[in-house]
Protein chains: 2
Amino acid sequence: MVSLEDVAKHAQVSTATVSRALSRPEMVAEATRERILQAARELGYQPNQLARSLRQRSSRTLGLIITDILNPFHATLAKGVQDAAEKRDYTVFFFNTDEDPEKEKRALNVLRGHLPRGLLIVPSPKARENLKQVPKIPIVELDRTSGTPGVRTVMVDNAGGAKTAVQHLIELGHRRIGMIVGRLDISTAVERHQGYREALLAAGIPYREELVLPGNHREEDGRQAALALLSLPKEERPTALFVGNNEMTVGAVLAVRELGIRIPEELSIVGFDDSRWAATMHPALTVVAQPTYELGFLACETLLSSLSRGQAALPTSIRLDTTFIVRESTAPPGGLSKGLGKQRRNRH
Amino acid sequence: MVSLEDVAKHAQVSTATVSRALSRPEMVAEATRERILQAARELGYQPNQLARSLRQRSSRTLGLIITDILNPFHATLAKGVQDAAEKRDYTVFFFNTDEDPEKEKRALNVLRGHLPRGLLIVPSPKARENLKQVPKIPIVELDRTSGTPGVRTVMVDNAGGAKTAVQHLIELGHRRIGMIVGRLDISTAVERHQGYREALLAAGIPYREELVLPGNHREEDGRQAALALLSLPKEERPTALFVGNNEMTVGAVLAVRELGIRIPEELSIVGFDDSRWAATMHPALTVVAQPTYELGFLACETLLSSLSRGQAALPTSIRLDTTFIVRESTAPPGGLSKGLGKQRRNRH
DNA sequence: GTAAAGTCTGCAAACGATTGCAATATACGC
DNA sequence: GCGTATATTGCAATCGTTTGCAGACTTTAC
């Protein structure tokens with residue numbers, strides 16, 4: 001490894017001057033600088049980030065913790081973050097927790113040792129506790145919130161998105177609308193559930209507990225929940241299903257197929273979060289789409305600009321709108337399918 | 001940040017002893033060690049990895065460079081790598097190149113500054129050149145190879161997998177089999193193309209250049225290529241399509257739908273690489289499945305064990321078998337669909 | 001021509017860990 | 001009881017940067 005000192009010798013100056021030539025060019029004379037840059041180039045010098053960060057007591061890195069990289073939603077989130085970070089010359093340390101608080105804890109500890117300048121996290125259910133261990137670096141929570149005081153959040157309007165979806169079902173004439181909700185110790189699930197209730201309330205439809213089933217956000221959970229809901233006696237059985245995340249929606253659709261129930265003639269389905277799968281399956285799925293990439297990108301920019309004081313501080317908490325996309329999986333209870341491709345933008 | 005020195009003061013010993021108590025416990029007297037560990041716990045001490053790595057001139061980190069995190073194949077690869085690394089207490093620095101050699105170059109440079117102990121890379125087309133810049137750390141290429149001498153590779157048997165797929169089509173009676181091949185400066189595409197040719201050759205079917213179209217691995221490329229192939233005059237038009245990667249397969253299927261061509265009655269399709277989409281679309285897609293997670297996991301283990309000399313050195317180059325999964329998207333040229341769910345394991 | 005101001009450069013001390021070597025204390029052998 | 005081996009501990013150098021301070025030299029002002 002070629003070091004500052006090697007470059008210094010080669011250019012016949014001190015290491016201090018080399019350092020300055022590289023990071024504060026205006027402090028060194030034109031001629032000297034040229035000579036130094038030349039030498040650095042010749043030797044293929046690459047600064048040692050470890051030494052630099054050690055000395056400066058902070059590194060140009062960020063931590064990113066997500067819960068499931070195999071979920072395209074999270075992969076997209078990660079790409080948004082990475083792109084935003086790269087644009088500002090930050091490197092991101094990337095961890096995957098599989099929703100496991102223990103893994104999250106380990107990730108946080110490892111991260112600490114690398115002195116990241118900030119942290120982006122999709123918090124696990126126990127994040128609030130885990131985050132206490134972390135020294136006070138700027139944190140942005142994305143997609144959901146752990147409720148930790150003082151951290152910024154970047155999320156979508158979950159309640160609004162859910163409400164629109166359920167309203168759509170109600171307008172089509174559905175009265176028995178089931179929901180597969182997700183874990184109620186995760187804020188997104190709570191908020192989507194809230195939206196579901198609001199829509200029912202607004203339409204004067206009583207909330208029925210037995211139509212709302214929790215799930216652990218995995219495909220298999222969605223499948224089980226859908227099987228349970230759809231094996232209720234005919235008059236109790238929901239005529240429409242609202243599913244709280246993309247993976248569970250896949251499971252629900254598979255369950256429906258297993259049971260030989262036709263979509264949308266016998267059952268309408270709306271999912272939360274769009275995906276290629278949802279758009280191209282048959283019948284194409286009506287969904288509440290999220291600006292996923294933007295969510296990640298914006299979260300990272302928020303963090304970054306809260307680091308450099310020069311920038312005007314962005315708001316503490318950001319909510320992005322969802323987009324409701326009507327496709328082919330929803331129709332009136334007994335009836336005909338509606339036209340496709342209609343989009344509606346939510347406000348909150 | 002609480003440092004070794006803080007712990008040392010608190011436990012009334014020197015920093016040297018604290019360091020040893022933590023990393024070489026057997027060198028420190030029982031009682032002293034206890035006292036130190038206690039102090040460390042009380043203060044919430046977390047070692048500064050930067051300082052440690054600087055001193056040891058190497059860090060417990062790996063670099064991972066993939067080309068497209070949004071592609072589930074690559075996301076799965078990354079998860080395999082991460083899991084393997086975590087098991088051995090390594091942290092991975094993660095980069096995404098979007099197949100862009102410039103981004104790859106930048107990633108490599110950033111990586112250098114962090115002194116990773118090894119590098120895992122899905123090489124971009126220009127990787128061979130970029131890798132020259134990198135000091136000689138152990139490198140494992142995964143999924144494809146750049147041809148750089150001296151690096152290990154972990155890949156699947158692309159030629160064998162492709163050959164099986166095309167043989168299957170031939171057995172069904174197809175004679176005009178098109179291929180959407182991918183970029184020929186990427187080894188996987190070359191090998192899959194090779195397998196395609198071999199299968200034709202073995203069956204005495206002449207290779208027809210006009211039935212083989214390149215694509216840039218994206219969905220849209222697959223769509224364009226399929227549109228081109230399928231708008232050939234009736235007698236020239238392929239009756240079956242073999243598509244070289246998952247994203248292009250999606251595009252091809254969408255193109256087929258646009259044209260109103262029925263699968264498999266009017267056109268058989270086989271894709272390389274399985275996915276949820278392929279398994280659940282209608283009709284379910286016949287594919288050459290890859291052991292993706294294992295590919296990543298194994299690549300990382302290979303790298304790690306080449307680092308610790310104690311381990312028996314694993315072979316330089318690993319090939320994993322693909323699995324051919326017959327589903328519903330293939331049938332005889334004019335005819336009836338075959339049974340589904342049949343699997344066949346390849347050998348090479 | 002001299003003092004003051006300004007430019008450029010180098011010295012040396014950090015940052016927080018690891019580690020070769022030496023010092024001290026203790027145990028052991030005879 | 002003395003010499004030697006062994007077990008613990010501390011000293012201080014080191015990794016590759018950055019940066020406060022001071023010195024050397026040049027320019028400017030009067």
Side-chain angles (χ1 to χ4, degrees), chain A residues 1-37 39-40 43-61 89 91 109-117 135, chain B residues 1-37 39-40 43-61 89 91 109-117 135:
Chain A
M1 175 116 201
V2 21
S3 72
L4 257 198
E5 199 176 340
D6 300 325
V7 178
K9 266 191 205 128
H10 202 265
Q12 317 211 45
V13 288
S14 72
T15 60
T17 306
V18 177
S19 171
R20 283 189 280 252
L22 264 34
S23 47
R24 311 244 213 110
E26 75 284 359
M27 288 186 68
V28 20
E30 175 85 27
T32 323
R33 196 195 324 148
E34 283 303 321
R35 193 152 36 94
I36 291 171
L37 293 183
L43 298 177
Y45 170 73
Q46 188 73 17
N48 183 325
Q49 298 299 339
L50 300 175
R52 184 202 290 254
S53 305
L54 176 60
R55 172 60 221 242
Q56 297 187 147
R57 320 195 61 170
S58 146
S59 69
R60 222 174 160 74
T61 59
D89 269 333
T91 303
N109 273 334
V110 172
L111 217 40
R112 271 179 68 183
H114 289 274
L115 310 187
R117 213 153 330 167
Chain B
M1 175 118 203
V2 23
S3 73
L4 256 198
E5 201 177 337
D6 301 326
V7 179
K9 265 193 208 125
H10 203 264
Q12 317 210 48
V13 289
S14 72
T15 62
T17 307
V18 177
S19 171
R20 282 188 280 251
L22 264 36
S23 46
R24 313 243 211 110
E26 75 284 359
M27 289 185 69
V28 167
E30 175 84 25
T32 322
R33 196 193 324 147
E34 283 304 320
R35 192 154 35 96
I36 291 171
L37 293 183
L43 299 177
Y45 170 73
Q46 188 72 17
N48 182 326
Q49 299 299 337
L50 300 174
R52 181 202 292 255
S53 304
L54 176 60
R55 172 58 222 247
Q56 297 188 145
R57 318 196 62 171
S58 143
S59 68
R60 219 172 162 76
T61 60
D89 269 332
T91 303
N109 273 334
V110 173
L111 218 39
R112 272 179 67 182
H114 289 274
L115 310 187
R117 216 163 314 177

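Every chain is numbered from 1 and lettered A, B, ... according to where its sequence line falls, protein lines coming before strand lines. Keep in mind the model is a prediction, meaning the values are calculated, not measured.
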B:A29 vs B:A51, nearer the 5' end of DNA chain D by closest nucleotide: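 Looking at the nearest nucleotide for each, B:A29 comes out on the 5' side.
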Along DNA chain D (nearest heavy atom to each residue), the more 5'-positioned of B:R55 and B:E30: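 Closest to the 5' end, via its nearest nucleotide, is B:E30.
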Think [X] has a side-chain N or O under 4.0 angstrom from the OP1 or OP2 of [N]?
X	N	value
B:S3	C:dG16	no
B:S14	D:dT9	no
B:R52	C:dT18	yes

Which part of the nucleic acid, if any, lies within contact of [X], taking any heavy atom under 4.0 Å across all strands shown: a base, the sugar-phosphate backbone alone, or nothing?
X	result
B:A16	base
A:S19	base
A:M1	nothing
B:T32	sugar-phosphate

Where [X] and [Y] come nearest, the two heavy atoms and their spacing:
X	Y	result
B:S19	B:L4	CB-CD1, 3.9 Å
A:H10	A:L43	CB-CD1, 4.0 Å
A:A40	A:V7	N-CG1, 4.0 Å

Integer-rounded Å distance: [N] [atom2] and [X] [atom1]:
X	N	atom1	atom2	result
B:L50	C:dA17	CG	C1'	10 Å
B:E26	D:dT6	CD	P	17 Å
B:L4	D:dT9	CG	P	16 Å
A:R112	C:dG16	CZ	C1'	15 Å
B:R24	D:dA7	CZ	P	15 Å
B:E5	C:dA14	CD	P	11 Å
A:R60	D:dT17	CZ	P	17 Å
A:L54	D:dT14	CG	C1'	12 Å

Base of D:dG10 paired with side chain of B:R20 (donor-acceptor, under 3.5 Å):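 Side chain to base: pair present.
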Partner of B:R117 by side-chain hydrogen bond (donor to acceptor under 3.5 Å, both in side chains), out of B:S58, B:S53, B:S59: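 Exactly one candidate clears the test, B:S58.
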